Amino acid sequence: MTSAPDPHARTSHRMAMATLAAAILATPVFAQTSPAPVCDPDAPIPGCTPADADTPSNAPATEDASVDTLDAVQVRGVRASVAGALDAKRASPQITDSIVAEDIGKLPDNSVAAAMQRITGVQVARGGAEVGTVLVRGLPNVVTTLNGRNIFTTTGRGVALADIPADQLQQVDVYKTSGAEQIEGGIAGAVDIRLRRPFDFEDDSTVAGSVSSLYADQARETATNGSLTGSTQWDTGVGRMGVLGAVSYQETPYLESNTFHGTYDRVENPLDPSRQILVPYNAGNLQAQGLRRRKAANVAFQWQPSERTELWADGFYTGYRNRPRVNYWMPFPGSLSPQNTEALSTRPGTDILQRIELRDSDVLSSTQAHENSSDTWQAALGGSWKGERLKLSTELAYTYSESDNRSMVLDAITTVPRLIVDSSDGVPFTSATNADGSAIDVTDPSAYLLSQYYDSWSRQEGDEWAWRGDANFAFDSGIVSSIDAGVRLARRQASNIGGDPGAQDNLSGAAIRMSDIPGLSQLSPGNILDGDRDVGIHRWVGANRDFLLGNTALIRQAMGQSPERPGANPAMYFDNREDNDAAYVQANYGFTLGSIPVDGRLGVRHVRLERALNGTSLVDGVETPVQNTSVRTDWLPSFSANLSLREDLMLRVSHSQSVSLPQFADLNPQLALFESTDTLPARGSGGNPDLAPVESKNFDASLEWYFQDNALLSLAAFHRDVDGYVQIYAEDERIDGTTYQITRPRNTGSGTLRGVEVGYTQFYDFLPGALSGLGTQLNATWIDAEAESPEGVMQPLANVSRRAWNAVLMYEYEAFSARLAYNWRDDYAVSFSASGDQPSEVFHGPEKFVDLALNYAMDDNITVFMEATNLLGSKTHNYFGSPEFLRDRASPERTYMLGVRFRL
């Protein structure tokens, strides 16, 4: 996560927002109506067409589903959420899946990311007591939009989905195929997050909110969360108006622990020189602890001067704060030698070290103290007008995001007379004693000498002005029912500065013990892996996080370094600008093929990207400013067809081309070169301003059977031809007559991703009495994905599991509702370039999680709820190449939440 300072200090940006408002109000505008949970197939952009929009006479009957969908969202209950999601999927002109909040603050999970893990074809990764990485059909390249507008955090291409509070959401649409009207950039698809507006409510006035207490089981801490939404609408002499305001505050404490083995080196057995063995360089424990805080606010104004016209103004803010600490206990089995090795053994049938006993061995206690924050603001003004045949829509939006990050890492070393590291149980069990076997106190700060520290900081900023204009013209008859056309103009800027001088040694000339600096030491939390395995030493002394961050100058000075913050590192600087101009045209068609109604879209999007990249080249310590400019154009065609085989059976097919832009940091033109030495070749590292966007040709098909109300059985297949994936590689480059080995991000070769999805949803209304409240959601995904490395070697795509599935048991009867969700995914590759003599690939093992939600409605206005995540306390692990090369085992946090929701 990234971060940022007080928004009230950003006077220039408040003035920019005021300028935006003045510019819009001085110009006639047309824009979209209030967002509905589903869209007409001929809408100019997703969510932009009134529910009573004219429907071509030859369009399929399913298009009429959009008429009543908004009311369905207002019905409260698990069943209403499922019904709204199925209605949205059925009415969409593309292959999509949706999550609908059954009422204010009642998204089916605690965050957008967590809710998305239940969707067919979506895979996620958890960490820090929340869902983090989200992959759609195996790919992370997803465009994230908020009410149809691009949103991002600082220099990233998207926003962390957990940063947008579930309490303010109306609906999340996951587009697995793309249309010409959608913002380019996501070869995996798009995620559109819709916040509520005042006209979404049936009542003239609504006040709703929630208060809850969250308990983190491993951290043994409790936090309070809350939200409040107020909305009102009224008739005036100049039309109907509405105002909505919503605020949210979330706290999540967490404590997660790992055991780890470092990379393995092949060395001589010190007790048998005729034999070589594989030894991990280090092995030990770590614990990560933090208190994550998020706050958010959303305001919206709507004005409908007439039935044909609507204007609106939106404002959104989200902020993130966290001060995590990570404590390491790190022995070094790789320091073995004939002089210090008492005994060792290897794993049966292998040459991999299993147990070692060392004399007078150093152990590192390291504490990482971090301070991260981010703030993101977005404002938009727009409107829409609807004539008999013509619909016009426009919007101007401004987004600004800033972040600040600090890190202070302090290493301290103690010498253990007799150290044992034993991995027989799959994790490193460590024992530290005196030579005679008597216990030593690893929690004594006087036993640890300060060794070195790492002191770094960074700041990122990003902003974007974006304007769009869209039109839809409907025809009275013919195969083509309407034409969509539109333009989007955007200017995006992203900058980064930071300081990171690397390891700073103790230059004071004195041996500094941790106990010499009052307030520095602190015990680690203990209870490694939540008691899952015996790790021997589970608690040790380290540095206090708050002391490190609050007294950094004291630490620097005590170790003989300058007390000042490190200066900016030119290698970390970049300041990039992108001008992105796009235009599209799209035909919405409908006809009858025999007795089968067919509708769909045929369109193309043209994109012109002009970018200026600024950085610094560093050669032999000489800094040289570098600027790189480029212009690129892309034509992105798309086609979709929806065949209504029966009233309840639909076949969809789609073909499209898409692109995904490289990250701004990867485009940094910075290059640092180092001449050869007696032991190292000429080398260098940098960004790559010549990176091309990742390109993909996409083929999709989906068969959907809506066999009863609130029920669906679906089968989908997809194929992606992907070219130019971006990964880090080292290659020889000749510069000014010298050959350097340059490490930089590069486009890989071609690759493919293909798979199959199966989904099933049903409530069992036919069962008698209370059993009629039962329902299930089941889905499974199979994916085969690989790409060609620069050396021509085919490798699996990182983070993609071959198999994944979800099973959700739902229940709703009278005042009680419940949901028990099971999520499982198979092994997946993490990276392919680990150093050492073990396999270079890193794989994450299979993982499973069980979550639970219970609700009881006291009356129409008050609901008590309880939620639990990782209910079974599941553990995760990863390994090098094959499971025999142990790497990490981790214990994700388990949380419980108890609260009350109200609606007045």
Side-chain angles (χ1 to χ4, degrees), residues 1-4 112-113 116 125 132-164 174-175 178 182-193 316 318 320 374-378 397-403 458 460-466 488 490-496 574-582 605 607-613 630 632 634 636 658-668 687-696 722 724-728 745 747 797-799:
M1 272 300 312
T2 49
S3 48
V112 176
M116 284 182 62
T133 303
V134 176
L135 306 177
V136 177
R137 288 182 166 176
L139 296 172
N141 312 82
V142 179
V143 171
T144 306
T145 56
L146 184 72
N147 293 337
R149 299 183 293 268
N150 186 36
I151 189 167
F152 53 85
T153 302
T154 62
T155 63
R157 294 291 184 185
V159 66
L161 293 174
D163 282 354
I164 301 177
V174 180
Y175 292 86
S178 58
Q182 290 179 298
I183 298 174
E184 68 286 343
I187 63 174
V191 176
D192 185 33
I193 301 164
F316 177 73
T318 181
Y320 170 92
S374 70
D375 293 287
T376 299
W377 296 266
Q378 186 175 87
Y398 176 70
T399 305
Y400 174 75
S401 182
E402 59 184 5
S403 69
S458 66
Q460 297 84 36
E461 292 186 69
D463 72 340
E464 180 185 69
W465 285 92
R488 181 178 184 268
R491 167 164 286 189
R492 174 79 195 276
Q493 291 189 282
S495 64
N496 180 84
F574 63 80
D575 186 4
N576 300 340
R577 191 197 76 206
E578 289 183 346
D579 291 330
N580 191 315
D581 303 334
R605 186 178 186 90
V607 183
R608 182 182 186 275
L609 177 68
E610 181 178 346
R611 64 189 184 192
L613 312 176
S630 63
R632 176 189 172 96
D634 286 287
L636 305 175
S658 52
V659 296
S660 183
L661 298 178
Q663 296 295 322
F664 283 104
D666 290 341
L667 292 167
N668 184 5
N688 188 349
D690 297 323
L691 282 176
V694 183
E695 300 179 354
S696 178
V722 182
Y725 237 80
V726 177
Q727 299 193 60
I728 305 297
N747 290 111
L797 287 184
N799 300 314

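Fair warning: this is a prediction, and the values are worked out from it, not measured in the lab. Along the sequence shown, the residues carry numbers beginning at 1.
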Report yes or no: does Ser401 contribute a side-chain atom to a donor-acceptor pair with the main-chain N or O of Thr376 at less than 3.5 Å? no

List the atom of Ala494, the atom of Thr155, and the distance in Å for their closest heavy-atom pair. CB-CG2, 3.9 Å

With a 4.5 Å cut-off on side-chain heavy atoms, are Phe664 and Gln460 touching? no

Supply the atom-to-atom distance Ser630 OG to Leu691 CG, rounded to the nearest 0.5 angstrom. 10.5 Å

When you check the gap from the basic side-chain N to the acidic O, do Glu695 and Arg632 get nearer than 4.0 Å? yes

Using every non-hydrogen atom in the two residues, find where Val134 and Ala113 come nearest and quote the distance to one decimal. CG2-CB, 3.9 Å

Less than 4.5 Å apart, any side-chain heavy atom of Ile151 and any of Thr144? yes

Less than 4.5 Å apart, side chain to side chain, heavy atoms only: is that true for Arg605 and Glu184? yes

Rounded to the nearest 0.5 Å, how far apart are CZ of Phe316 and CH2 of Trp377? 12.0 Å

So, do Asn150 and Glu464 sit near enough that their side-chain heavy atoms are less than 4.5 Å apart? yes

Can the positive tip of Arg157 be found less than 6.0 Å from the middle of the six-membered ring of Phe152, inside 45° of the ring normal? no

Whether the Tyr400 and Gln378 side chains hold a donor-acceptor pair (N or O, under 3.5 Å, no angle test) is what I'd like checked. no

Would you indicate whether the side-chain heavy atoms of Arg611 and Leu667 approach each other to under 4.5 Å? yes

Kindly give the heavy-atom pair with the smallest separation between Pro693 and Leu661, and that separation in Å. CG-CD2, 3.8 Å

Starting from the C-alpha separation in whole Å, work towards a yes-or-no answer on side-chain contact (heavy atoms from CB on, under 4.5 Å) for Asn688 and Asp666. CA-CA 6 Å; Asn688 188 349; Asp666 290 341; over 6 Å; no

Show the nearest heavy-atom pair for residues Gln663 and Gly156, with the distance to one decimal. OE1-CA, 3.9 Å

Does any non-hydrogen side-chain atom of Val191 lie less than 4.5 Å from one of Met116? yes

Report yes if some heavy atom in the side chain of Leu613 is under 4.5 Å from a heavy atom in the side chain of Phe574; otherwise report no. no

Roughly how far, to the nearest 0.5 Å, is CD of Glu578 from CG of Leu609? 5.0 Å

Verify, without hydrogens or angle tests, whether Asp192 (side chain) and Gly148 (backbone) share a donor-acceptor contact under 3.5 angstrom. yes

Please check this pair: side chain of Ser660 against backbone of Gly185, looking for a donor-acceptor N/O pair closer than 3.5 Å. yes

Where do Val659 and Val607 land on the side-chain contact (heavy atoms from CB on, under 4.5 Å) test, with the steps shown first? CA-CA 10 Å; Val659 296; Val607 183; over 6 Å; no

Any donor and acceptor pair, going by atom type alone, linking the side chain of Asp463 with main-chain N or O of Thr399 inside 3.5 Å? no

To the nearest 0.5 Å, what is the distance between CD1 on Ile193 and CD1 on Ile164? 3.5 Å

Pairing residues for Asp581 by the salt bridge (charged side-chain N to carboxylate O under 4.0 Å, His left out) criterion, not counting sequence neighbours: none

Hey, are the side chains of Leu161 and Asp163 touching, using non-hydrogen atoms and a 4.5 Å cut-off? no

